[in-house]
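Just follow the structure's listing: the first ligand is 1, and inside any ligand the first atom is 1. Computed from a predicted model, the values in this text were never measured in an experiment.
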Amino acid sequence: MELIFELSSAGKRGDSLPESNFNIKKRIPIEFLRKKPLQFPEVSESEVARHYTNLSSLNYHIDKGFYPLGSCTMKYNPKINERIASLDGFNSLHPYEPIEMCQGALRIMYELKEYLKEIGGMDEVSLLPTAGAHGELVSLFIAIKYFKEKGEKRHKVLIPDSAHGTNPASSVLAGFEVVPIPSNEYGLLSIDSLKKHISDDVVCLMLTCPNTLGLFEREIETISRIVHEKGAILYLDGANLNAFLGLVRPGDMGFDIVHFNLHKTFSSPHGSGGPGGGGIGVKKFIEPYLPIPRIEKNNNNYYMDERTGRSIGRIHSFYSNFGVMVRAWVYIRMMGSDGLKKVAQNAVINANYLLSKINKYYDVPYGKGRCMHEFVASCEFMRKYGIRALDVAKRLLDLGFHPPTIYFPLIVKEALMIEPTETESQKTLDSFVKAMLRIRQEAEESPDTLHNAPVKTPVTRLNEVKAAKEQKVNWYYQ
Ligand SMILES: *Cc1c(COP(=O)(O)O)cnc(C)c1O
């Protein structure tokens, strides 16, 4: 595509404003005036409109097609969320607005917090962390203070080897030592290993449930008992909440802290590091340590409690990503409790439907043909044709799909992690299966088609090593 500067032709205008009678030279001292006019592109209104419309469709996005990016829960983002979040009263609100002037915004935060308490089976919620990873970090800061007050010295965080990379990253940032717990032959947390590693040195077990293989930790009650017997905290990485939303509650399973990924489970657009919401739900004994400010209600007045008390203090300027909270609130209100249950049920049905089709052509090493909301296939068997998971992912781009997550979790070789979400139709899932079957055949018959893919995208196969080493824009286009 041409740059808008390349569309420019001298003298062309996109507006037809009358001549201004404002005499710049009289009003602004001469030394502040530009010597030469700025080099803006000179284009017509229709050229601008077409240019940006075309640009907006170059990138793949959820409004364009299927996005089975495992672990990310790339569900459709209902447009009503955007409509409500962009109401003037919300998006023009200033963080220093007097409290009487923003009662509606506070009410949304308060109610969202109440909904998440109910969904999580938790005693209190803080909406302040801005992403899942931030929720992890804040929870670990809380753990530091909690054990300090108890006069206990603990320094280890137990993390299953199937965990998301943010879990060990947050633990190291918080100053802890990470102890990986191997998965057993079923892809679940090994109870024997847990027993071996649990001790009075352990801060918490960070567990993802269902785990990143899309498998529910069946022994969660035993796990909870083992962790709590040693006085450690049981932490849920709640990124996979979409699998049991409204059906099971983390609090009832024994978790002491859970982070919610509002941008995943509750349908805010995400990706490319955009704003997120990583609020945490906690049990009563953790509540005093939650960050400030806290949103409270007195009769019908909402307010921010800024008192520190035993809190870990502030973790963010102002009140975090409010727009994401509005979207999550709208989503929950629109779905209602029955709707939220159906989200989880349909997410699981969709994933199992896809699994039952895909495992005819690809290996799915764990789960014995069953999963929760996602599953992990392996392309290891394709290596004999010289094909890797990366090639499959690139070829999917040519066939009109966003690829699955690849090479994660680390315990599956040549992993393709597929999460269809509840918002896709059977027809879409079938067309994806067809593409996956075709790729499987191409791997055998014409492997170069895969090596060269993608050829239909605006940017074709990247030289990724070069792109990482030499960060000059031109290198991205071979
Ligand atoms: C997405 C994800 C995270 C991190 O959440 P962010 O909101 O991206 O920081 C952690 N764990 C799992 C399993 C995830 O899928």
Side-chain angles (χ1 to χ4, degrees), residues 62 67-75 77 116 120 126-141 157-174 178 180-181 183 187-189 204-217 235-245 250 255 257-281 315-316 320-321 323-325 327-328 347 351 366 371-376 404-412 415-421:
I62 197 69
Y67 215 125
L69 194 66
S71 215
C72 296
T73 311
M74 302 298 283
K75 59 173 75 177
N77 313 126
L116 294 176
S126 167
L127 298 172
L128 290 171
T130 50
H134 197 202
E136 294 164 19
L137 188 65
V138 168
S139 301
L140 291 165
F141 288 163
V157 175
L158 308 187
I159 302 180
D161 58 3
S162 59
H164 193 275
T166 52
N167 294 186
S170 311
S171 307
V172 169
L173 259 185
V178 174
I181 308 291
S183 306
L188 300 173
L189 184 85
C204 71
L205 168 67
M206 264 194 163
L207 201 61
T208 308
C209 187
N211 67 16
T212 61
L213 294 166
L215 304 176
F216 194 87
E217 292 290 351
Y235 182 90
L236 175 67
D237 175 334
N240 292 343
L241 191 63
N242 218 45
F244 57 69
L245 190 61
F255 288 100
I257 312 183
V258 50
H259 78 241
F260 302 95
N261 299 63
L262 295 184
H263 44 289
K264 294 179 181 172
T265 318
F266 300 100
S267 81
S268 269
H270 58 293
S272 312
I280 51 174
I315 54 160
H316 196 274
S320 190
N321 294 327
V324 178
M325 298 177 205
R327 290 174 178 87
Y366 292 105
C371 65
M372 294 289 286
H373 67 305
E374 66 189 350
F375 62 94
V376 181
T405 300
I406 54 175
Y407 300 112
F408 172 68
L410 304 176
I411 56 173
V412 175
L416 294 175
M417 184 191 214
I418 301 173
E419 178 183 11
T421 83

Exercise. Where is the nearest protein heavy atom to atom 15 (O) of ligand 1: which residue, which atom, and how far?
Worked result: S71 OG, 2.6 Å
Seminar exercise, completed: Value for OG1 (T208) from CG (L241), rounded to nearest 0.5 Å, stands at 12.0 Å
For this session: List the steps and the verdict of side chain to side chain donor-acceptor pair (under 3.5 Å) for T130 and H134.
Result: CA-CA 6 Å; T130 50; H134 197 202; 3.0 Å; yes
Seminar exercise, completed: Near A239 (heavy-atom distance under 4.0 Å), the atoms of ligand 1 are 2 (C), 11 (N), 12 (C), 13 (C), 14 (C), 15 (O)
Exercise. Between CG of N211 and OH of Y366, what distance do you get to the nearest 0.5 Å?
Worked result: 10.0 Å
For this session: Just do the ring-ring contact (aromatic ring centres under 6.0 Å, His included) check on H164 and F408 with the steps written out, would you?
Result: CA-CA 8 Å; H164 193 275; F408 172 68; 5.5 Å; yes
For this session: Spell out, as yes or no, whether a donor-acceptor pair under 3.5 Å connects the side chain of H270 to the backbone of H263.
Result: yes
Exercise. N/O to N/O below 3.5 Å, does that happen between H263 and ligand 1?
Worked result: yes
Seminar exercise, completed: Residue, atom and distance of the protein heavy atom nearest atom 9 (O) of ligand 1 read A133 N, 2.8 Å
Seminar exercise, completed: Ranked by distance from atom 11 (N) of ligand 1, the top protein heavy atom is D237 OD2, 2.5 Å
Exercise. Tell me, which protein residue and heavy-atom name are nearest atom 6 (P) of ligand 1, and how many Å apart are they?
Worked result: G132 N, 3.4 Å
Exercise. With side chains defined as the heavy atoms from C-beta onward, is the minimum distance between D237 and M206 less than 4.5 Å?
Worked result: no
Problem set entry | atom 3 (C) of ligand 1 [closest protein heavy-atom partner, distance rounded to 0.1 Å] | K264 NZ, 3.5 Å
For this session: For the pair H259 and Y235, name the ring-plane relationship: parallel under 30°, tilted 30 to 60°, perpendicular over 60°.
Result: tilted
For this session: State whether the shortest distance between N or O atoms of T208 and N or O atoms of ligand 1 falls below 3.5 angstrom.
Result: no
Exercise. Would you say the side-chain atoms of S71 and E419 include a donor-acceptor pair closer than 3.5 Å?
Worked result: no
Exercise. If you count the atoms of ligand 1 from 1 in the order shown, which ones are under 4.0 Å from a heavy atom of E136?
Worked result: 10 (C)
Exercise. Identify the closest protein heavy atom to atom 4 (C) of ligand 1: which residue and atom is it, and at what distance?
Worked result: T166 OG1, 3.8 Å
Seminar exercise, completed: The closest protein heavy-atom partner of atom 5 (O) of ligand 1 is N261 ND2, 3.0 Å
